[in-house]
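Before any comments, here is the structure.
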Amino acid sequence: VQLQASGGGLVQAGGSLRLSCTAAGGPFSNWHMGWFRQPPGKAREFVAAITWRGGITFYADSVKGRATISRDNEKSTVYLQINSLKFEDTADYFCAADPKGTYLPDGWWEMSHVYDYWGQGTQVTVSS
């Protein structure tokens with residue numbers, strides 16, 4: 001299984017970015033997908049997640065109202081759109097896949113150990 005993230009770059013505060021993550025080597029449509037990020041010098045943190053059918057989405061408080069996670073199972077791709085970017089959104093962004101597609105434990109979407117497969121990361125830098 002391979003996850004390839006793209007779409008990062010340098011953007012001014014207030015701008016927008018759409019990150020993409022394309023999967024290969026497995027039944028993407030059966031997987032829950034998540035986005036995490038790691039700011040410089042800080043620990044990795046949850047950003048957003050979407051269930052395998054795309055019916056349920058979850059967001060960290062830090063991006064709620066500014067971010068939208070979506071997926072196209074035909075293209076085996078998950079997207080993360082972030083608007084009104086802030087300096088504190090600067091981070092390496094990673095996509096991750098949970099091939100089990102379960103709904104346990106409660107709060108699974110923000111637990112990094114639930115995800116078995118990880119992409120290589122794409123860097124987002126927001127200039128103030």
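The list of salt bridge (charged side-chain N to carboxylate O under 4.0 Å, His left out) pairs with a residue in residues 119-128, not counting sequence neighbours, is empty. Pairs engaging residues 40-51 under the side-chain hydrogen bond (donor to acceptor under 3.5 Å, both in side chains) rule: Arg37-Glu45 [sequence neighbours left out]. Counting only residues at least two apart or in different chains, salt bridge (charged side-chain N to carboxylate O under 4.0 Å, His left out) contacts with residues 1-13 are absent. Among residue pairs with one or both ends in residues 96-128, none qualify as disulfide bond (SG atoms under 2.5 Å apart); sequence neighbours excluded. Residue pairs meeting the salt bridge (charged side-chain N to carboxylate O under 4.0 Å, His left out) criterion with at least one member in residues 60-70, sequence neighbours excluded, are Asp61-Lys64, Arg66-Asp89. For residues 24-78, no pair satisfies disulfide bond (SG atoms under 2.5 Å apart), with sequence neighbours left out. Listed by first and then second residue, the side-chain hydrogen bond (donor to acceptor under 3.5 Å, both in side chains) pairs that reach into residues 7-25 are Ser16-Asn83, Thr22-Thr77, sequence neighbours excluded. Applying the disulfide bond (SG atoms under 2.5 Å apart) test to pairs two or more places apart or on separate chains, those with a residue in residues 63-128 are Cys21-Cys95. The side-chain hydrogen bond (donor to acceptor under 3.5 Å, both in side chains) contacts involving residues 118-128 comprise nothing, where partners must be two or more places apart or lie in separate chains.
Although no hydrogens or angles enter the test, the distance criterion places a donor-acceptor pair under 3.5 Å between the side chain of Asp72 and the main chain of Lys75.
Considering every non-hydrogen atom in both Trp109 and Asp106, the closest pair reads CH2-OD1, 4.1 Å.
Between Glu74 atom CD and Ser29 atom OG the span is 8.5 Å, to the nearest 0.5 Å.
Note: Phe36 and Phe46 meet the aromatic proximity criterion, with ring centroids under 6.0 Å apart.
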Show me, pair by pair, the donor-acceptor contacts under 3.5 angstrom made by side chains of residues 98-105, not counting sequence neighbours?
from	atom 1	to	atom 2	distance (Å)
Asp98	OD1	Lys100	N	3.1
Asp98	OD1	Lys100	NZ	2.9
Lys100	NZ	Val114	O	2.8
Lys100	NZ	Asp116	OD2	3.4
Tyr103	OH	Trp52	NE1	3.2

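By the 4.5 Å side-chain criterion applied to Ile, Leu, Val, Met, Phe, Trp and Tyr, Tyr59 is assigned to a cluster that also includes Val1, Leu3, Val11, Leu17, Leu19, Phe28, Trp31, Met33, Trp35, Val47, Ile50, Val63, Ile69, Val78, Leu80, Ile82, Leu85, Tyr93, Tyr117, Val124, Val126.
For Tyr79, there are no ring-ring contact (aromatic ring centres under 6.0 Å, His included) partners at least two apart in sequence or on another chain.
Aromatic ring orientation, Trp108 versus Tyr115: tilted (interplanar angle from 30° to 60°).
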